[in-house]
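Structure, as structure tokens:
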Amino acid sequence: MRYSEMFLPTGREVPSDAEVISQQLMIRAGMIRKLTSGIYSYLPLGYLVIRKLEQIIRGEMNKAGAQEVHMPMVQPMELWQESGRWELYGKELLRFRDRHDHEYCLGPTHEEVITSIVRNDIKTYRQLPRNLYQIQTKFRDEVRPRFGVMRCREFGMKDAYSFDADEEGAEKSYEKMFVAYNNIFRRCGLKFRPVEADSGSIGGKYSHEFMVMAESGEDAMVFCEKCSYAANLEKAEVACPERKEIFEDDWLTMEEINTPDVRTIEEVSTFLNVKPQDIVKTLIFDADGKQYAVLIRGDHEVNEIKVKNYLAANEVELASDEIIMKATGSPRGFAGPVNIKIPILLDYSVIDMVNFVTGANKEDYHFKNVNIGRDFRIQAFADFRIMTDQDKCPRCGSDIKFARGIEVGHVFKLGTKYSKAMKAVFLDKDGQEKVMIMGCYGIGIGRTIAAGIEQNHDENGIIWPMPLAPYQVIITPVNVNEEEVMKAAEGLYKSMLDENIEVIFDDRDERAGVKFKDADLIGIPLRVVVGQKNLVQGKVELKIRKNGENKLYPLQEIVQQVKQIILQELQYSE
RNA sequence: CGGGGCGUAGCGCAGCCUGGUAGCGCGCCUGGUUUGGGACCAGGAUGUCGAGUGUUCAAAUCACUCCGCCCCGACCA
């Protein structure tokens, strides 16, 4: 396309509210514009990239045997009541009424809709398995949208749903998607990694997240240096340590100590001159209205998700001051396991500790020389903490590493959570009625693009990998007022169009510097510069955006040269 | 939901404290000179100062209310 006719508003200045580099560059490159908090428009350049990604996704999904559908964004309350999520989903679910006062929501995801479709039209095992997907706009009323298109309220998502007759089949469906996802992100030219993850409110047995490696990523992950173990930090399992033998003879007499206004681990540690590792932290959690005390070694942090999953609770949060007062009889900062009236959950980190310090459930007092079994009894013993870099791989015991990433895809084994609640059943070979086994598989479209930019940019702008590039080449005549130059450039433009090369012809009457800056900013992989000096010798210049390589080619050969590079780079990503 | 900040030209900002009717840079328009990494000179256009109410002779400026946006936290696929 001719640049002079394009709607491509690039900008020199960084918008004041853009924090992450991908957001800044998407705005400066004229890809997106914000409408309101967490809601963006895609301008032509941005939408071209979106469509490139969508086509890659479609290709891989179809190849994996999934079929594309399109479901409504507006969904009736009744459907969500069937699955139970009308009550459970919380404020992220945007609800509203129509003129007849019927209640609806904007779909944050489509398990309900797809299940309602499938249950009506799939009746027998002969129709299974099936995998249906769509690329569609979702709405989640995020508490705090941020990072531009990375975490917004309205966003494009590819979501697929598989239905199987048995566990074995479900496993296969999951595997297929897992493979397809690897292909998709590889073809996009992204550095990524699948990691084990928590299933969150979608529910289900287990899941993998696809993380694009990026320092600015919102998610922390852990991976093993030796084996293939990789997990989201919130999921990363801390192995149960080998139990040491505990000798009751070593137990010292428990003592109550006056610790005025000493609350935090740090304060206790300083005041009593003990290491944080010798203190046991007692945290009071409220799980769906019931309180639990979680005990953990002083230098560790509790992983609320593990607590939530262990208790199979819908919502878990640290208790408020009033609830702490009620549960322990003391203000915040003095909770302890001795004589507490609520159930005690003990983290692995505490199991081998003897003669430790805890709160005394009494304002301004702590106990020392507390021991498990003698001074209190526990209800459960499990992994409740956040992994640290001191921990070892839970699979093979080797050292682990931490990294940050952006979650661009998530594959879930749902099991029968929705099919059971919504009665998606079929008849098997024996004429027995069975519940379908489901899986669901999502890819954040805009987020993947943003993640791609986070990984591929320099101080001058975006550097598109060929498969995602909105255009493959930009032709830059140095001076549009020089007849020879323009004639040659026009000729190149035509031949490239004839060769189906995606090309921008920068025919604007701008200084060369301006055009170079814009070309770099919008990240076109190849730039062909047509200038008087080289043209005299029948040559044009080809500059590669990603490595800055700059070479002269005869005018007659440049189109084939460009074509070859494009094919090579697209193939490389297959 | 708690804490903080911001809202003035298309964009980035100054002016507000100490009230007197709005300015800078970029961009935009016209003319000229330029023309290989965001040119220069000359001229020009553009603002319900987020909205409302109040105080005042007079409000971008002071007060109150509302709205919007952003940041930190809580929460979250």
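The shown structure was predicted, so the numbers you read here are calculated from the model rather than taken from an experiment. Residue numbering restarts at 1 for every chain, and letters A, B, ... go by the order of the sequence lines. What's counted below: heavy atoms across the whole structure, side chains too, no hydrogens, waters or symmetry copies.
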OP1 or OP2 of [N] versus the side-chain N and O atoms of [X]: is any pair under 4.0 Å?
X: A/Ser37; N: B/C70; answer: yes
X: A/Arg146; N: B/C71; answer: no
X: A/Lys543; N: B/G36; answer: no
X: A/Arg144; N: B/C75; answer: no

Can you tell me, in whole Å, how much space there is between the [atom1] of [N] and that of [M]?
N: B/U46; M: B/A9; atom1: C1'; result: 6 Å
N: B/A63; M: B/U55; atom1: C1'; result: 7 Å
N: B/A51; M: B/G68; atom1: P; result: 15 Å
N: B/G27; M: B/A60; atom1: P; result: 30 Å
N: B/U18; M: B/C13; atom1: C1'; result: 22 Å
N: B/U34; M: B/G12; atom1: C1'; result: 28 Å
N: B/G10; M: B/C66; atom1: C1'; result: 27 Å
N: B/U8; M: B/U48; atom1: C1'; result: 12 Å

Which is true for [X] with a 4.0 Å heavy-atom rule: it touches a base, it touches only sugar-phosphate, or it touches nothing?
X: A/Phe147; answer: nothing
X: A/Arg33; answer: nothing
X: A/Thr36; answer: sugar-phosphate
X: A/Arg153; answer: nothing
X: A/Lys515; answer: nothing

Separation of [N] [atom2] from [X] [atom1] (nearest whole Å):
X: A/Lys417; N: B/A77; atom1: NZ; atom2: P; result: 11 Å
X: A/Leu318; N: B/G2; atom1: CG; atom2: P; result: 19 Å
X: A/Glu218; N: B/C75; atom1: CD; atom2: P; result: 14 Å
X: A/Lys517; N: B/G36; atom1: NZ; atom2: P; result: 15 Å
X: A/Arg545; N: B/G37; atom1: CZ; atom2: P; result: 16 Å
X: A/Phe516; N: B/U35; atom1: CZ; atom2: P; result: 15 Å
X: A/His110; N: B/A77; atom1: NE2; atom2: P; result: 18 Å
X: A/Arg508; N: B/A39; atom1: CZ; atom2: C1'; result: 15 Å

query: Using a heavy-atom distance cut-off of less than 4.0 Å, which residues of residues 12-21 of chain A contact RNA chain B?
result: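 A/Arg12, A/Glu13, A/Val14, A/Ser16, A/Asp17, A/Glu19 - these, ordered by number, are the residues of the stretch whose heavy atoms sit under 4.0 Å from the strand.
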If we count only N and O atoms by modelled type, under 3.5 Å, do the side chains of [X] and [Y] hold a donor and an acceptor together?
X: A/His300; Y: A/Lys281; answer: no
X: A/Thr476; Y: A/Asp506; answer: no
X: A/Tyr181; Y: A/Asn183; answer: no
X: A/Ser207; Y: A/His410; answer: yes
X: A/Glu234; Y: A/Asn303; answer: no
X: A/Asn479; Y: A/Gln532; answer: no

Identity of whatever pairs with [N] - Watson-Crick or G-U, under 3.5 angstrom:
N: B/A59; value: none
N: B/C40; value: B/G32
N: B/G2; value: B/C72
N: B/G52; value: B/C64
N: B/G10; value: B/C26

task: Could you say whether A/Gly513 or A/Lys91 is positioned toward the 5' end of RNA chain B, judged by the nucleotide with the nearest heavy atom to each?
output: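 Result of the comparison: A/Lys91.
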message: Heavy-atom nearest nucleotide on RNA chain B for A/Glu541 versus A/Lys34: which residue maps closer to 5'?
response: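 So the residue in question is A/Glu541.
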query: Is there a donor on the side chain of A/Asn460 or the base of B/G37 sitting less than 3.5 Å from an acceptor on the other?
result: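 Under the 3.5 Å cut-off, the side chain and the base do not form any donor-acceptor pair.
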- request: Could you tell me how the ring of A/Phe210 sits relative to the ring of A/Phe192: parallel (under 30°), tilted (30 to 60°) or perpendicular (over 60°)?
  value: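 Taking A/Phe192 first and then A/Phe210, their aromatic rings sit tilted (interplane angle of 30° to 60°).
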Salt-bridge test for [X] and [Y]: reply yes if a basic N is under 4.0 Å from a carboxylate O, no otherwise.
X: A/Glu218; Y: A/Arg404; result: no
X: A/Lys306; Y: A/Asp383; result: yes
X: A/Glu209; Y: A/Lys235; result: no

- prompt: Taking only residues at least two apart or on different chains, which pairs with a member in residues 437-449 of chain A satisfy side-chain hydrogen bond (donor to acceptor under 3.5 Å, both in side chains)?
  reply: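 Qualifying pairs, neighbours excluded: A/Ser162-A/Tyr441.
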Under 3.5 Å between N/O atoms: give me all the protein pairs with nucleotides 31-34 of chain B, atom names plus distance.
from	atom 1	to	atom 2	distance (Å)
B/U34	O2	A/Arg511	NH1	2.9

message: To the nearest 0.5 Å, what is the distance between OH on A/Tyr418 and CD1 on A/Ile437?
response: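 Rounded to the nearest 0.5 Å, the OH-CD1 separation comes out at 16.0 Å.
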message: What's the closest nucleotide to the side chain of A/Asp518 if the choices are B/G38, B/G36, B/G68?
response: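 Nearest to the side chain of A/Asp518 among the choices is B/G38.
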